[in-house]
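Just below is one structure, and these are the notes that go with it.
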Amino acid sequence: MTRRHDLKARFDALAGIALAAFLLPALAAIAIAIRVEGWVTGDRGPVLAVEPRVSRGRPFRLLKFRTLRAGVLARAAGRSVKTFESPENRTRVGRFLADCYLAELPQILHVATGRMSLVGPRPFHPSDYEDELARGHELRRVLPAGLTGPFQVEKGTPGFRDRSLSLDRDYLEVYRSSSEGRLLAYDLRILARTFRTVVRGGGW
């Protein structure tokens, strides 16, 4: 990240730490709910699901609350779990977390530690990242992955899948061409849209 984007990095770190502290009771309550359901049903998998992802060209272990049944999660080990995320594969708590976008909350810890940004391109699986590089698209090597971003807030709108790469590229263009203040203002607008999108039950 260039020096002129230090403001974005500082804002991400401070906001990530503040949000992690604020959300700590909710994080603890969700972890307890996952554990209790496991004891009741015998589906005693981990509280957190760990998935390989890439941020700014570097692999890392992305954390999410486990929404899948333990056996399904074991079969998905090392691969993207997207193909396994059908309602019948989820636990009851997992279905609630997925519907309310709460499964992503542990990623706040990645933002607080600088691994991710609040706003940026999607964190790709390493194999998808390599495929993208082979096609000449390097935006995920330049930018930190975002907890949310243009793609996430457009998800569910007509034709959004056809525009998925262009949406991430649009953010790269803003990142490269904007001053610190304009980039932060743009991020804040994306965060506001994310809030509205989640409240109405769309996107992400």
Side-chain angles (χ1 to χ4, degrees), residues 11-55 58-120 122-126 144-149 151-153 155-156 187 190-204:
F11 175 77
D12 282 340
L14 291 174
I17 292 169
L19 284 170
F22 176 75
L23 294 171
L24 186 59
L27 295 171
I30 292 170
I32 292 171
I34 293 171
R35 282 294 189 203
V36 169
E37 183 181 26
W39 293 333
V40 171
T41 65
D43 183 46
R44 299 185 182 182
V47 168
L48 295 174
V50 181
E51 301 177 20
R53 289 290 187 271
V54 173
S55 178
R58 299 176 183 175
F60 73 107
R61 291 159 59 86
L62 181 139
L63 300 177
K64 298 173 68 174
F65 281 122
R66 178 174 66 91
T67 61
L68 300 178
R69 291 183 285 107
V72 175
L73 185 64
R75 295 201 304 273
R79 293 177 285 172
S80 176
V81 300
K82 289 294 184 184
T83 56
F84 296 86
E85 291 182 336
S86 57
E88 62 270 16
N89 285 339
R90 288 192 172 117
T91 64
R92 289 186 177 182
V93 171
R95 287 194 291 272
F96 171 78
L97 296 179
D99 290 344
C100 297
Y101 307 103
L102 297 176
E104 317 293 335
L105 287 183
Q107 293 170 40
I108 289 295
L109 301 176
H110 298 312
V111 176
T113 57
R115 178 65 71 182
M116 291 177 64
S117 176
L118 282 172
V119 179
R122 292 158 291 156
F124 264 27
H125 188 276
L147 179 61
T148 186
F151 173 85
Q152 289 90 331
V153 296
K155 188 175 179 181
D187 281 1
I190 292 292
L191 290 170
R193 288 186 62 193
T194 299
F195 178 77
R196 292 195 297 269
T197 299
V198 170
V199 167
R200 71 169 186 262
W204 223 331

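Computed from a predicted model, the values in this text were never measured in an experiment. Hydrogens, waters and symmetry mates are skipped; everything else that's a heavy atom, side chains included, is used.
Put simply, the side chain of S55 does not reach to within 4.5 Å of the side chain of P123, judged on heavy atoms. Side-chain contact between H125 and R53: present, with at least one pair of heavy atoms (C-beta onward) separated by less than 4.5 Å.
With D12 as the partner, the side-chain contact (heavy atoms from CB on, under 4.5 Å) test is satisfied by one option alone out of L147, L118, I17: L118. Under the side-chain contact (heavy atoms from CB on, under 4.5 Å) test applied with V93, the options I34, T67, V36 reduce to a single match, I34.
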**Message:** side-chain contact (heavy atoms from CB on, under 4.5 Å), that's the test. Do R58 and R115 meet it? Break it down for me.
**Reply:** CA-CA 9 Å; R58 299 176 183 175; R115 178 65 71 182; 4.2 Å; yes
**Asked** Step by step, would you call V40 with E37 a side-chain contact (heavy atoms from CB on, under 4.5 Å)?
**Response** CA-CA 5 Å; V40 171; E37 183 181 26; 5.7 Å; no
**Item:** Q107 and L62: CA distance, side-chain angles, deciding distance, side-chain contact (heavy atoms from CB on, under 4.5 Å) verdict
**Value:** CA-CA 7 Å; Q107 293 170 40; L62 181 139; 3.7 Å; yes
**Prompt:** Please walk me through it: do F65 and L102 pass side-chain contact (heavy atoms from CB on, under 4.5 Å)?
**Reply:** CA-CA 8 Å; F65 281 122; L102 297 176; 5.7 Å; no
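Ion pairing between K64 and E104 holds under the 4.0 Å rule for side-chain N and carboxylate O.
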Using a 3.5 Å cut-off and no angle test, enumerate the donor-acceptor pairs between side-chain atoms of residues 43-50 and protein atoms at least two apart in sequence or in another chain.
from: D43; atom 1: OD1; to: A70; atom 2: N; distance (Å): 2.9
from: D43; atom 1: OD2; to: R66; atom 2: NH1; distance (Å): 3.2
from: D43; atom 1: OD2; to: A70; atom 2: N; distance (Å): 3.4

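Closest of all the heavy-atom pairs between P52 and P126 is O-CD, 3.4 Å. When all heavy atoms of Q152 and G146 are compared, the closest pair comes out as NE2-O, 3.8 Å. Minimum interatomic distance between S117 and V119 (heavy atoms only, all atoms of both residues): OG-O, 3.0 Å.
Here the CD1-CZ distance, from I30 to F96, works out to 7.5 Å after rounding to the nearest 0.5 Å. In this structure, CG on L19 lies 9.5 Å from CG on L105, to the nearest 0.5 angstrom. From Y101, atom OH reaches atom OG1 of T148 across 10.5 Å, with rounding to the nearest 0.5 Å.
Counting only distance, with no hydrogens or angles, the side chain of R95 and the backbone of R90 share a donor-acceptor pair below 3.5 Å.
For F60, the ring pair (Phe, Tyr, Trp, His ring centres under 6.0 Å) partners at least two apart in sequence or on another chain are H110. Taking A20 as the reference, I108, L109 meet the side chain to side chain contact (heavy atoms under 4.5 Å, CB included) condition, with sequence neighbours excluded.
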